[in-house]
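Note on naming: letters A, B, ... go to the chains in the order of the sequence lines (proteins, then strands), and numbering restarts at 1 for each one. Everything numeric in this text was worked out from a predicted model, so none of it was measured.
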Amino acid sequence: MNARKQEAKSSKVENPFFSDVYDVVRQVPKGRATSYVAIAAYLGNKRGARMVGWAMSRTYGRPDVPAHRVVNKEGELTARDLFETPTTMQERLESEGLEIMNNKIQNWEERFWDPEKELH
DNA sequence: GCAGTGACTTTCG
DNA sequence: ACGAAAGCCACTG
């Protein structure tokens, strides 16, 4: 089967990018959020913010990875359209104690969680 | 192998 | 301040 072949091929090579992104996002504390560029920088690819987002799209449907805690550099919920409902992401963040207004996290400077500083 | 696309960011007008 | 374009890396068709 083609699918079997592809699966074997994929499982053979797992990009460390995925594992790292998942690991970092999983370690994001409740009530905090991080940005794509921060994760990308932590992984060494400062220009790989898009790659982080791309990887995150694969995290969709993974309860292990709180993708809703990952926002853009301005703390804006850019991916809310990709969630189950346009308000799912915001509701989740709000339920975690974050304050969101106009799709943007309030006190973003305080809520920002930098893996480079926290995890080092 | 080339072209298009994307949960981003920065720069120019 | 807002909008458009370029830069970026990896995936898909």
For atom [atom1] of [X] and atom [atom2] of [N], their distance in whole Å:
{"X": "M51(A)", "N": "dC11(C)", "atom1": "CE", "atom2": "C1'", "result": "9 Å"}
{"X": "F17(A)", "N": "dC9(C)", "atom1": "CZ", "atom2": "C1'", "result": "8 Å"}
{"X": "K104(A)", "N": "dA7(B)", "atom1": "NZ", "atom2": "P", "result": "19 Å"}
{"X": "R50(A)", "N": "dT10(B)", "atom1": "CZ", "atom2": "P", "result": "13 Å"}
{"X": "K46(A)", "N": "dC8(B)", "atom1": "NZ", "atom2": "P", "result": "18 Å"}
{"X": "W54(A)", "N": "dT9(B)", "atom1": "CH2", "atom2": "P", "result": "17 Å"}
{"X": "Y36(A)", "N": "dT10(B)", "atom1": "OH", "atom2": "C1'", "result": "17 Å"}
{"X": "R47(A)", "N": "dT11(B)", "atom1": "CZ", "atom2": "P", "result": "9 Å"}

Would you classify [X] as touching base, sugar-phosphate or nothing, given that sugar-phosphate means primed atoms plus P, OP1 and OP2, and contacts are heavy atoms under 4.0 Å?
{"X": "V71(A)", "value": "nothing"}
{"X": "A67(A)", "value": "base"}
{"X": "T78(A)", "value": "sugar-phosphate"}

Worked verdict on E96(A) versus H68(A) for side chain to side chain donor-acceptor pair (under 3.5 Å) = CA-CA 11 Å; E96(A) 292 190 352; H68(A) 56 272; 3.0 Å; yes

query = Between dA7(B) and dC2(C), how far is it from one P atom to the other, in whole Å?
reply =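 It comes out at 22 Å once rounded to the nearest Å.
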
query = Is it true that E110(A) and R32(A) make a salt bridge, defined as a side-chain N closer than 4.0 Å to a carboxylate O?
reply =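 Answer for the salt bridge query: no.
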
key: Minimum-distance nucleotide to K73(A) side chain [options: dT10(B), dA7(B), dG7(C)]   =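 Of the candidates, dT10(B) comes closest.
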
request  = Please find out if less than 6.0 Å separates the ring center of W54(A) from that of F17(A).
outcome  =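 Between W54(A) and F17(A), the centre distance exceeds or equals 6.0 Å.
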
key: dA7(B) phosphate, OP1 or OP2, under 4.0 Å from T59(A) side-chain N/O   =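 Indeed not, no polar side-chain atom of T59(A) lies that close.
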
message = What's the separation between atom CG in L77(A) and atom CD1 in I100(A), rounded to the nearest 0.5 Å?
response =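 Taking CG in L77(A) and CD1 in I100(A), the distance rounds to 5.0 Å.
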
message = For E74(A), is the CD atom crowded, meaning more than 12 foreign heavy atoms sit under 6.0 Å from it?
response =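 Incorrect, the count does not exceed 12.
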
